[in-house]
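Since the structure comes first, as C-alpha cells, the remarks are kept for the end.
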Amino acid sequence: MKAHPMVGDTLLAAVIASFDLLIFVARAAVTPAGEPAPEPWYITLPLIVAVVLPIVFRRKYPITAAYLTLGLGVVHSLLEIGVASMFTACIALYTLVAYVGRRSALLFLAVNEVVTLVQTPWQFPEQWVITLIVVNLSLAFSWALGEFVGARRAYQAELEQRLRLLETERDQQARIAVAEERARIARELHDVVAHAVSVMVVQADGAAYAVRSQPDLAERAVNTIASTGRDALTELRRLLGVLRSEDAGGERTPQPGTRSLSELAARVRAVGLPVQLDIVGNVDDLPAGVGLGIYRIVQEALTNSLKHAGPGTAATVRVARTGDRVDLSIVDNGRRSSRSLVGVSGGNGLIGMRERALVFGGTLAAGPRAGGGWEVTASLPFGSG
C-alpha cells in the first residue's frame, strides 16, 4: 500500500461506501407499506459514490478533495442517506493535518463546524447535542491522528536528509583521504626520482673528467647513467598518474624500502605484537618506488593489527617475489568483532594501501579471515615500462 497509496485509498473509499449501501438496502427492506420510501436508487447510489470519490485523490489533491467531500457531504447529510459524509470529513481533516498543515486544517475544521451547526435540526435539542458531540469527538480524533502521522513523516524526512548528508560527507572524506594519500605518495616518488637524477648528474660529471684519461671508468659511469635513467623514467611515468596538491610540503627524508622491513618488524615486536617476517626471493634490487610501496603497505597493515586486533595477537608478513611481481600477505589472528573495512584506521588506512597498490598497477584486498583474524593481500607488478 505504501508503494501504491491510491490503491489503499480506493479500498478505503469502497469500505465507506459499502456502509451506506447496507443502510440503503436495510431501509428499503424494512420500510412498511404506505410510508415514504427512501430516496430512489438512481439518486442514492451516485451520491454515495460521489461523496467517497474524493478520498481516492486525497494525497495528491488534499485541499480540493477536502472541500469536495464537505460540499457533497452537505447534500448527503440532508438526504440522510448514511454515515459516509461524517467519515469522509474526518479523513479529509486528517489528510490536511498530516500532509498540508495546521492552517489549512483549521480553516477546513471551522467551515465544517459551521456547516454541521446549520444543518443539524434545532427542534430536537437532544439530537443536536448528541450530533455535535459525536462529530466533534470524531474530528478531534482525526486531528490527533493527523498530528501523529505528520510528526512521524517529518521525522522520517529529516532522518533521510541526515543520512544523505552523512553519505555525502563520507564520500567527501574519502575523496580528501585519497587526495592526501596521493600527495604523500607523490612526495615520496619525487624523492626517488630526485635521487636518480642526482646520481645521473654525478656520474655524468665523473664521465666527463675520465672520458680521455680513464675510458673504462667513463664507460661504467655512462652505463650507470643509462640504468639509472631508465629507472627514473619508470618512476616518472608512475608519478604523472598521481595527483599532487600544490600545498603538499613536508620534510624531505630518506625513504624506507624492502631492506627496512626487518627493522619495521623489530619495532612492531618491541611494542607488543609478535611478527614473523618471511621474504621469498630477492627483493633488495626492486625499484625504489616499489620498495617504498611495499614498506608502507606492510607498515599500515601492522599498525591496524596493533590498533584493532586486541591482546594476544600475532602477525605474519610474507613478501614473495615471482618474476616481475611481488605478492604481499599480512595476516593476524586477532578478534573479528571490533573490526570492519570501514573501521580500520577510520577508513583512511585501507584507502591509502589501495592507492599505493594502484600507483603501480597492482591490487589490494583486505577483510576478515574465515578462521578468525584479519588479512591484507596485495600484488604489485613492476618492470621497465
Side-chain angles (χ1 to χ4, degrees), residues 1-25 27 38-120 130-158 160-161:
M1 295 300 179
K2 290 183 178 181
H4 303 283
M6 287 188 64
V7 176
D9 291 337
T10 302
L11 293 176
L12 179 61
V15 170
I16 296 174
S18 65
F19 287 126
D20 277 10
L21 290 175
L22 291 175
I23 293 173
F24 173 76
V25 173
R27 283 181 178 176
E39 297 295 334
W41 65 269
Y42 53 82
I43 294 178
T44 302
L45 296 185
L47 188 57
I48 292 175
V49 173
V51 79
V52 301
L53 187 60
I55 298 299
V56 178
F57 308 99
R58 66 184 181 90
R59 298 176 197 258
K60 192 173 183 179
Y61 307 105
I63 297 178
T64 302
Y67 286 99
L68 278 176
T69 57
L70 182 61
L72 294 169
V74 172
V75 182
H76 183 278
S77 298
L78 291 176
L79 296 178
E80 297 183 353
I81 294 175
V83 295
S85 59
M86 186 181 71
F87 285 145
T88 54
C90 292
I91 293 173
L93 180 62
Y94 156 80
T95 304
L96 291 176
V97 174
Y99 293 90
V100 180
R102 294 190 182 95
R103 180 175 298 180
S104 299
L106 189 60
L107 178 60
F108 174 80
L109 180 62
V111 175
N112 189 79
E113 288 288 340
V114 172
V115 170
T116 303
L117 289 174
V118 170
Q119 68 181 8
T120 303
I130 292 174
T131 301
L132 287 182
I133 291 175
V134 172
V135 170
N136 284 297
L137 285 178
S138 302
L139 293 174
F141 174 77
S142 301
W143 185 291
L145 185 60
E147 289 282 358
F148 172 77
V149 174
R152 184 176 178 180
R153 290 179 68 250
Y155 172 77
Q156 185 175 359
E158 182 180 358
E160 291 176 353
Q161 183 179 2

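Here the structure is a predicted model, which means the values were calculated and not measured.
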Does Phe19 have more than 12 heavy atoms from other residues, nucleotides or ligands lying within 6.0 Å of its CZ? no
Ignoring hydrogens, what is the shortest heavy-atom contact between [X] and [Y]? Give both atom names and the distance.
{"X": "Ala13", "Y": "Val56", "answer": "CB-CG2, 4.1 Å"}
{"X": "Val97", "Y": "Ala105", "answer": "CG2-CB, 3.4 Å"}
{"X": "Ile23", "Y": "Ile81", "answer": "CG2-O, 3.7 Å"}
{"X": "Ala65", "Y": "Pro54", "answer": "CB-O, 3.4 Å"}
{"X": "Cys90", "Y": "Ser142", "answer": "CB-OG, 3.1 Å"}
{"X": "Arg102", "Y": "Trp143", "answer": "O-CH2, 3.9 Å"}

Interatomic spacing from [atom1] in [X] to [atom2] in [Y] - rounded to 0.5 Å:
{"X": "Leu53", "Y": "Ile48", "atom1": "CG", "atom2": "CD1", "result": "13.5 Å"}
{"X": "Phe24", "Y": "Leu47", "atom1": "CZ", "atom2": "CG", "result": "11.5 Å"}
{"X": "Phe108", "Y": "Asn112", "atom1": "CZ", "atom2": "CG", "result": "5.0 Å"}
{"X": "Ile16", "Y": "Ser85", "atom1": "CD1", "atom2": "OG", "result": "10.5 Å"}
{"X": "Thr88", "Y": "Leu68", "atom1": "OG1", "atom2": "CG", "result": "10.5 Å"}
{"X": "Ser104", "Y": "Leu109", "atom1": "OG", "atom2": "CG", "result": "12.5 Å"}

What verdict does the side chain to side chain contact (heavy atoms under 4.5 Å, CB included) test give for Leu107 and Tyr67, after you've listed the backbone C-alpha separation in whole Å, the side-chain angles of each residue and the deciding distance to 0.1 Å? CA-CA 11 Å; Leu107 178 60; Tyr67 286 99; 3.6 Å; yes
Excluding sequence neighbours, so at least two apart, what forms salt bridge (Lys or Arg N to Asp or Glu O under 4.0 Å) with Glu113?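 Residues passing salt bridge (Lys or Arg N to Asp or Glu O under 4.0 Å) with Glu113: none at all.
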Just to verify, what does Glu160 make a salt bridge (Lys or Arg N to Asp or Glu O under 4.0 Å) with, not counting sequence neighbours? none
Do Leu45 and Leu21 touch side chain to side chain, with heavy atoms closer than 4.5 Å?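 Leu45 reaches Leu21 side chain to side chain.
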Which pairs count as side-chain hydrogen bond (donor to acceptor under 3.5 Å, both in side chains) when at least one residue sits in residues 90-100, sequence neighbours excluded?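 Qualifying pairs, neighbours excluded: Arg58-Thr95, Arg59-Tyr99.
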With His76 as partner, the option from Thr69, Asp20, Thr44 fulfilling side chain to side chain donor-acceptor pair (under 3.5 Å) is Asp20
